Peer 1: 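Below are the structure tokens for one structure; questions will follow.
Just so it is clear, the model here is predicted, and its values are computed rather than measured.
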Amino acid sequence: MGGGGGEEGNNLEFTPTWVVAVVCSVIVAASFAAERFLHYGGNFLKKKNQKPLFEALLKIKEELMLLGFISLLLTVTQNGIIKICVPESWTRHMLPCSLKDKEEIESAKLTSHFQTFFSFTDIPATVRHLLAENENEDHQPTAGEKLGHCARKGKVPLLSVEALHHLHIFIFVLAIVHVTFCVLTVVFGGLKIRQWKHWEDSIGDENNRKQPALESIVTHVQEHAFIQNRFTGFGKDYAVLGWLKSFFKQFYGSVTKLDYVTLRLGFIMTHCRGNPKFNFHKYMIRALEDDFKQVVGISWYLWIFVVIFMLLNVHGWHTYFWISFIPLILLLAVGTKLEHVIIQLAHEVAEKHSAIEGELVVQPRDDHFWFHRPHIVLFLIHFILFQNAFEIAFFFWILFTYGFDSCIMGRVRYIVPRLVIGIFIQVLCSYSTLPLYAIVTQMGTHFKKAIFDEQVQARLVGWAQKAKKKGLRGDNNGQSVQGSALVGAGIQLGPVFTRPSAPGDSVIVPSNEGPQ
């Protein structure tokens, strides 16, 4: 018999060849179908010139390859893992379920066995069947074939085959749920952002109809609608009011047309002063697609969190209930911070000027973000989406593996809030936080490489590499520094391509020499 310990069926030596052929054919056909689906999906994205999304698809393929390697590793090392023996006392601590629950489960199985036995009307046939089972069991070790190695030593295996198999399934479920949640977040968030396109179009139409003014109009700073909506006043009390307003603003109308127009103008006047018709919306979509390929993967540090979370899943601690609040708190903090950046931009203008000549222009700076690094927000969104996917994946894994009434599932009063929090995080991140991230993170000191199309990016990188090589050979020392900065930090292209601000364009715009 193949397996033992309650397993049924023969090993491969005594399995009909047609069964092996059918099962192998199904597995190979399903694998090739999945591969072809990804291949045609990649070709479709290439035809649509969606290079960032195509690179995200390649990232998904890399994750699938990693999962395949993990699967192979677990399969190859399975026999070695189950032969690692430890004292039984080691396995009585930090259990997801209590030993009392284990005794109740075994007692329930035994009761079900006897109920099945006495429910048969043909008692002699049943007795013969049970006697035959007992006779077969007499030929096996007391603890079963797979437990026999450790049982002879008076120990227990470190991990059973069944537990290893369940762990294997959980890793696959986690990866699939994470990728699915990331795709849904970007899709729904992208739909929200694409609704802003008519704002961009209306701005372009208005600029085409607008006649150049002979003299700039001077207006009081408080007369501007952006200042009226975002400026909360001076002093500590107003600072607290600003944070409270930012917290609640993320739940309704997180980005208005007035915000879009003002932030767009600030970006163009800082980075694209020579191109007032710059399509800010198209740039924002390209930048978001570039960031998506970073979010869709499972980085090494996220796997560390998986290990920590599974370590802390101890009976009575309700760890996953408390952990579910981590992504919620982080998401609310990120949304509040992004809203507060807009308020800071308004405060900066109101504090420095009492009157404005021309249009109101905000000044993008990294100082408005945590640790002066806007990309930290992307890292937090990545962690939030992964942690939320972990919660949902763990729930469905337990549901289909052990059942809703399993002791590892926990009590209903802990399960329902976790599911509600997970759904809330997914909705809020898609329709509020991600759109906020897409526009507010453009208010940093440096613009992103997505400001150029793919052809221009390739030419710039090629030019920078040539300049760097010349600098290393000593042919052109003056260009070596710029070439190194261009290759080493693709988003810091500003010093090469931005011009100094023309004096007199606007009172509140400082001299712009490009990102440093």
Peer 1: Holding to salt bridge (charged side-chain N to carboxylate O under 4.0 Å, His left out), I want the full list of residues that pass it with K197, two or more places apart in sequence or in another chain.
Peer 2: D201
Peer 1: Kindly compute the distance separating CG (L385) from OG1 (T180), expressed to the nearest 0.5 Å.
Peer 2: 12.0 Å
Peer 1: Please determine whether the number of non-hydrogen atoms from other residues, nucleotides or ligands lying under 6.0 Å from atom CH2 of W370 exceeds 12.
Peer 2: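 Count over threshold, so yes.
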Peer 1: Which atoms form the tightest heavy-atom contact between S246 and I343, and what is the distance?
Peer 2: OG-CD1, 3.2 Å
Peer 1: Within a strict 4.5 Å, meaning less than it, do heavy atoms of the F369 and I376 side chains meet?
Peer 2: no
Peer 1: Quick one: do W397 and I169 satisfy side-chain contact (heavy atoms from CB on, under 4.5 Å)? Show the steps, please.
Peer 2: CA-CA 8 Å; W397 173 64; I169 295 175; 4.0 Å; yes
Peer 1: For S432 and C429, indicate whether the former's side chain and the latter's backbone hold a donor-acceptor pair under 3.5 Å.
Peer 2: no
Peer 1: Hey, would you say the F251 and F247 ring centroids sit under 6.0 Å apart?
Peer 2: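 Judged by ring-centre distance (under 6.0 Å), F251 and F247 do meet the cut-off.
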Peer 1: Return the CD1 to CG distance between I323 and L312, rounded to the nearest 0.5 Å.
Peer 2: 6.0 Å
Peer 1: Surrounding NZ of K245 (heavy atoms of other residues, nucleotides or ligands, distance under 6.0 Å), is the total greater than 12?
Peer 2: yes
Peer 1: Could you note down all residue pairs passing salt bridge (Lys or Arg N to Asp or Glu O under 4.0 Å) where residues 331-344 supplies at least one of them, sequence neighbours left out?
Peer 2: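 Output for this query lists R230-E339.
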Peer 1: Is any side-chain heavy atom of W196 closer than 4.5 Å to a side-chain heavy atom of V255?
Peer 2: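 Yes, close enough: below the 4.5 Å cut-off.
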Peer 1: Taking the side chain from H382 and the backbone from L302, do they hold a donor-acceptor pair closer than 3.5 Å?
Peer 2: no
Peer 1: Just wondering, more than 12 heavy atoms not from F371 lying within 6.0 Å of its CZ?
Peer 2: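 Not more than 12 within 6.0 Å, no.
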Peer 1: Could you tell me which non-hydrogen atom of A438 sits nearest to which non-hydrogen atom of Q442, and how far apart they are?
Peer 2: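 That closest heavy-atom pairing would be O-NE2, 2.8 Å.
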Peer 1: Using the test ring pair (Phe, Tyr, Trp, His ring centres under 6.0 Å), find all partners of F395 that sit at least two apart in sequence or belong to another chain.
Peer 2: none
Peer 1: Tell me whether the count of non-hydrogen atoms from other residues, nucleotides or ligands lying under 6.0 Å of NE2 in H166 goes above 12.
Peer 2: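 Atom NE2 in H166 is crowded, with more than 12 foreign heavy atoms closer than 6.0 Å.
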Peer 1: Identify the heavy atoms of I82 and P157 that sit nearest to each other, and give their distance.
Peer 2: O-CB, 3.4 Å
Peer 1: With a 4.5 Å heavy-atom cut-off, do V86 and K155 have their side chains touching?
Peer 2: no
Peer 1: Could you tell me the separation between the CZ atom of R194 and the CG atom of L288, rounded to the nearest 0.5 Å?
Peer 2: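 R194 atom CZ to L288 atom CG measures 8.0 Å (nearest 0.5 Å).
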Peer 1: Any side-chain heavy atom of T256 sitting closer than 4.5 Å to one from K249?
Peer 2: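 Yes; the side chains approach each other to less than 4.5 Å.
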Peer 1: Any idea how Y320 and F394 line up, ring-wise: parallel (<30°), tilted (30 to 60°), or perpendicular (>60°)?
Peer 2: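 Rings of Y320 and F394: perpendicular, over 60°.
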Peer 1: Before accepting this row, confirm whether a basic side-chain N of the pair E200/R264 lies closer than 4.0 Å to the acidic partner's carboxylate O.
Peer 2: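 Yes.
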Peer 1: Between S71 and F172, what is the shortest heavy-atom contact and its length?
Peer 2: CB-CE1, 3.8 Å
Peer 1: Side chains of V314 and L95: closer than 4.5 Å at any heavy-atom pair?
Peer 2: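 No, their side chains stay 4.5 Å or more apart.
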Peer 1: What's the shortest heavy-atom distance between P417 and V412, and which atoms?
Peer 2: CD-O, 4.2 Å
Peer 1: Checking ring-ring contact (aromatic ring centres under 6.0 Å, His included) against F383, which of F305, F390, Y301 comes through?
Peer 2: F305
Peer 1: Between atom CG of D259 and atom NZ of K257, what is the distance when rounded to the nearest 0.5 Å?
Peer 2: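 Rounded to the nearest 0.5 Å, the CG-NZ separation comes out at 12.5 Å.
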Peer 1: Do the side chain of N388 and the main chain of G422 share a donor and acceptor less than 3.5 angstrom apart?
Peer 2: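 Yes, because the side chain of N388 sits within donor-acceptor range (under 3.5 Å) of the backbone of G422.
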Peer 1: Distance check, rounded to the nearest 0.5 Å: T262 atom OG1 versus M443 atom CE?
Peer 2: 10.0 Å
Peer 1: In chain order, what residues pass the salt bridge (charged side-chain N to carboxylate O under 4.0 Å, His left out) check against R373, with sequence neighbours excluded?
Peer 2: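 Applying salt bridge (charged side-chain N to carboxylate O under 4.0 Å, His left out) to R373 gives none.
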Peer 1: Would you compute the distance between atom CZ of R286 and atom CG of N279 and round it to the nearest 0.5 angstrom?
Peer 2: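 Reported value, rounded in 0.5 Å steps: 8.0 Å.
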Peer 1: Check this for me: E35, atom CD, are more than 12 non-hydrogen atoms of other residues, nucleotides or ligands nearer than 6.0 Å?
Peer 2: yes
Peer 1: With sequence neighbours left out, write down each residue that passes salt bridge (charged side-chain N to carboxylate O under 4.0 Å, His left out) with D367, or none if nothing qualifies.
Peer 2: R365
Peer 1: Can you list the residues that meet the ring pair (Phe, Tyr, Trp, His ring centres under 6.0 Å) rule with H347, with sequence neighbours excluded?
Peer 2: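 If we apply the ring pair (Phe, Tyr, Trp, His ring centres under 6.0 Å) test to H347, skipping adjacent residues, the hits are F231.
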Peer 1: Is W243 atom CH2 crowded by more than 12 heavy atoms from other residues, nucleotides or ligands, each under 6.0 Å away?
Peer 2: yes
Peer 1: Answer with yes or no after comparing the ring centroid distance for F267 and F280 against a 6.0 Å cut-off, counting only values under it.
Peer 2: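 Here the rings of F280 and F267 have centres that are less than 6.0 Å from each other.
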Peer 1: Begin with the C-alpha distance, continue with both residues' side-chain angles, and end with the deciding distance and a verdict on side-chain contact (heavy atoms from CB on, under 4.5 Å) for Y437 and L378.
Peer 2: CA-CA 8 Å; Y437 164 81; L378 180 63; 3.6 Å; yes
Peer 1: Please report the closest heavy-atom contact between Q250 and T336, naming both atoms and the distance.
Peer 2: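 Where Q250 meets T336 most closely, the heavy atoms are NE2-OG1, 3.1 Å.
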Peer 1: Is there a side-chain contact between H168 and L164, using heavy atoms and a 4.5 Å cut-off?
Peer 2: no
